[in-house]
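Remarks on the structure that follows.
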Amino acid sequence: MRIVFMGTPAFSVPVLDALVTAGHEVCAVYCQPPRPAGRGKKDRPSPVQQRAEALGLPVRHPVSLKDAQAQADFAALAADIAVVVAYGLILPQPVLDAPAHGCLNIHASLLPRWRGAAPIHRAIMSGDAQTGVCIMQMEAGLDTGPVLLREAVDLGSEETTGGLHDRLSDMGARLVVEALARLPDLTPQKQPDHGVTYATKIDKAEARIDWTRPAAEVDRLIRGLSPFPGAWCMVGGERVKLLASRVADGQGAPGTVLDGFTIACGDGAVEVLTIQRQGKRTMPAAEALRGLTLGARLD
């Protein structure tokens with residue numbers, strides 16, 4: 001098929017690769033414009049732009065798709081279909097209508113649960129037993145379109161957003177290739193009206209750990225915000241990110257250091273497995289303890 005691909009972050013790259021490997025003609029790649037990054041704050045192209053250029057594919061990064069010229073340029077591609085995954089711009093109705101078979105979206109949740117911006121983070125932070133990927137026919141509403149294919153995965157007790165991100169990215173790549181191959185035979189299924197939840201964008205204010213919360217909740221926060229933005233607490237006067245953890249035995253006043261890097265919570269305790277100190281690499285907690293003094297209590 002003649003495909004317009006629309007995506008920006010690393011999550012989208014395996015999907016682009018899968019479409020090319022499957023033999024589809026990717027006539028254009030749309031992604032967000034380069035953004036300032038790194039110490040020098042120089043403009044850096046997105047992971048999708050870098051991969052598309054390496055594949056020799058034409059790249060477009062309009063700031064908006066709302067103006068008539070951008071919409072005309074999109075329509076002129078005469079695509080059979082658009083595949084959209086974590087693109088970052090709202091698609092106006094003329095864009096949704098332009099490809100012969102519309103626009104397919106790869107969404108990293110079991111819709112209608114976790115519509116919106118941060119479905120992977122929210123699934124872990126909420127303690128969901130399962131999540132997955134849906135291939136959805138796009139319409140004007142926020143992730144409200146009918147679903148063509150879905151697949152579920154179980155969440156492990158030590159699952160992080162980083163690990164789940166990679167699993168669902170690969171799953172989405174496989175499912176969208178399957179959806180395109182079976183497109184004439186697939187019947188879009190309307191999403192149910194019940195069970196709708198919204199995965200709001202992660203606010204960095206959520207990332208500070210409140211040790212008065214139950215251990216299960218603190219553990220889910222740590223794993224759900226790993227690796228970005230990273231749940232954090234103060235160790236002495238230093239802000240330290242906690243990036244992997246598990247619920248542990250133990251009781252004490254919230255924030256009390258019980259043993260090693262096991263910290264008492266409002267109910268129960270959490271064993272911290274991986275941390276990142278300011279300006280340093282990620283490291284196992286046991287290794288970090290050789291140069292980091294926790295004291296009696298964390299803030």
Side-chain angles (χ1 to χ4, degrees), residues 8-14 35-42 44-48 50-51 86 108 117-127 131 153 155-170 201-211 213 215-248 250 255 257-265 269-295 297-299:
T8 297
F11 185 84
S12 311
V13 172
R35 308 288 192 202
R39 292 183 182 273
K41 296 298 180 183
K42 294 182 179 179
R44 178 181 298 171
S46 69
V48 163
Q50 293 178 51
R51 183 59 182 151
I120 300 176
H121 297 79
R122 297 298 177 191
I124 292 178
M125 291 167 70
S126 297
T131 190
V153 293
L155 298 187
S157 61
E158 297 183 18
E159 191 102 50
T160 65
T161 284
L164 183 57
H165 166 285
D166 293 348
R167 285 209 289 156
L168 296 184
S169 176
D170 290 341
K201 185 177 179 180
I202 299 297
D203 187 327
K204 289 186 178 181
E206 298 178 71
R208 179 151 195 179
I209 295 168
D210 178 358
W211 296 108
R213 306 302 301 170
E217 187 176 319
V218 173
D219 171 58
R220 295 197 305 261
L221 180 75
I222 292 170
R223 293 185 292 106
L225 298 185
S226 173
F228 180 82
W232 62 275
C233 66
M234 297 301 295
V235 179
E238 181 182 351
R239 176 167 159 162
V240 175
K241 288 185 179 182
L242 311 184
L243 299 175
S245 61
R246 59 187 170 212
V247 175
V257 179
L258 301 177
D259 179 45
F261 222 129
T262 298
I263 313 300
C265 301
V270 164
E271 180 184 1
V272 178
L273 304 174
T274 305
I275 75 160
Q276 184 176 22
R277 300 179 66 179
Q278 289 181 305
K280 298 185 181 296
R281 64 177 176 84
T282 299
M283 66 183 74
E287 178 184 339
L289 286 173
R290 292 199 284 269
L292 180 66
T293 302
L294 297 186
R297 187 177 180 280
L298 304 186
D299 295 323

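FYI, side chains are in, hydrogens and waters are out, and symmetry mates aren't considered; it's all heavy atoms of this structure.
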| What residues form a side chain to side chain contact (heavy atoms under 4.5 Å, CB included) with P227, not counting sequence neighbours? | none
| query | Can you find a heavy atom in the side chain of F11 that is under 4.5 Å from one in the side chain of L168? | reply | yes
| field | With R297 via salt bridge (Lys or Arg N to Asp or Glu O under 4.0 Å) - residues at least two apart | value | D299
| Which atom of A118 lies closest to which atom of I202, heavy atoms considered | CB-CG1, 4.1 Å
| remark: The reported gap from CG in L225 to CH2 in W232 (rounded to nearest 0.5 angstrom) is 12.5 Å
| Partners of T262 by side chain to side chain contact (heavy atoms under 4.5 Å, CB included), sequence neighbours excluded? | A248, L258, A269, E271
| query | What residues form a side-chain hydrogen bond (donor to acceptor under 3.5 Å, both in side chains) with R44, not counting sequence neighbours? | reply | none
| said: For a quick test of reading the model, state the closest non-hydrogen atom pair linking G224 to M125 and the distance between them. | reply: CA-CG, 3.8 Å
| remark: Interatomic distance, SG@C233 vs NZ@K241, rounded to 0.5 Å, equals 12.5 Å
| note | The reported gap from CD1 in I263 to CD1 in I209 (rounded to nearest 0.5 angstrom) is 9.0 Å
| query | Can you tell me how far the NE2 atom of H121 sits from the CG atom of L164, to the nearest 0.5 Å? | reply | 10.0 Å
| field | R220: partners by salt bridge (Lys or Arg N to Asp or Glu O under 4.0 Å), with sequence neighbours left out | value | none
| request: Could you tell me the separation between the CD1 atom of I120 and the OG atom of S169, rounded to the nearest 0.5 Å? | output: 8.5 Å
| said: Restricting to side-chain hydrogen bond (donor to acceptor under 3.5 Å, both in side chains), what partner residues turn up for R122, sequence neighbours left out? | reply: T200, E206
| task | Can you see which heavy atom on W211 is nearest to which on L298, and at what distance? | result | CD1-O, 3.7 Å
| field | side chain to side chain contact (heavy atoms under 4.5 Å, CB included) against S226, all qualifying residues, sequence neighbours excluded | value | T160, L243
Pair up each side-chain donor or acceptor in residues 275-292 with any protein partner under 3.5 Å, not counting sequence neighbours, and list the distances.
residue: Q276; atom: NE2; partner: K280; partner atom: O; Å: 2.9
residue: R277; atom: NE; partner: E238; partner atom: OE1; Å: 3.4
residue: R277; atom: NE; partner: E238; partner atom: OE2; Å: 3.1
residue: R277; atom: NH1; partner: G291; partner atom: O; Å: 3.2
residue: R277; atom: NH2; partner: E238; partner atom: OE1; Å: 2.9
residue: R281; atom: NH2; partner: E287; partner atom: OE2; Å: 2.2

| Minimum heavy-atom distance between C265 and R213, given as atom pair plus value | CB-O, 3.2 Å
| remark: Sorted by chain and number, sequence neighbours left out, side-chain hydrogen bond (donor to acceptor under 3.5 Å, both in side chains) with S245 holds for D219
| remark: Note: R208 and M234 closest approach over all heavy atoms is NH2-CG, 3.5 Å
| said: Test of understanding: with side chain to side chain contact (heavy atoms under 4.5 Å, CB included), list the residues that count as partners of S46, not counting sequence neighbours. | reply: T8, C31, V48, Q49
| query | So which heavy atom on R223 is nearest to which on G156, and how close? | reply | NH1-O, 4.0 Å
| message | Tell me every residue that passes side-chain hydrogen bond (donor to acceptor under 3.5 Å, both in side chains) with D210, counting only those two or more places apart in sequence or in another chain. | response | T212
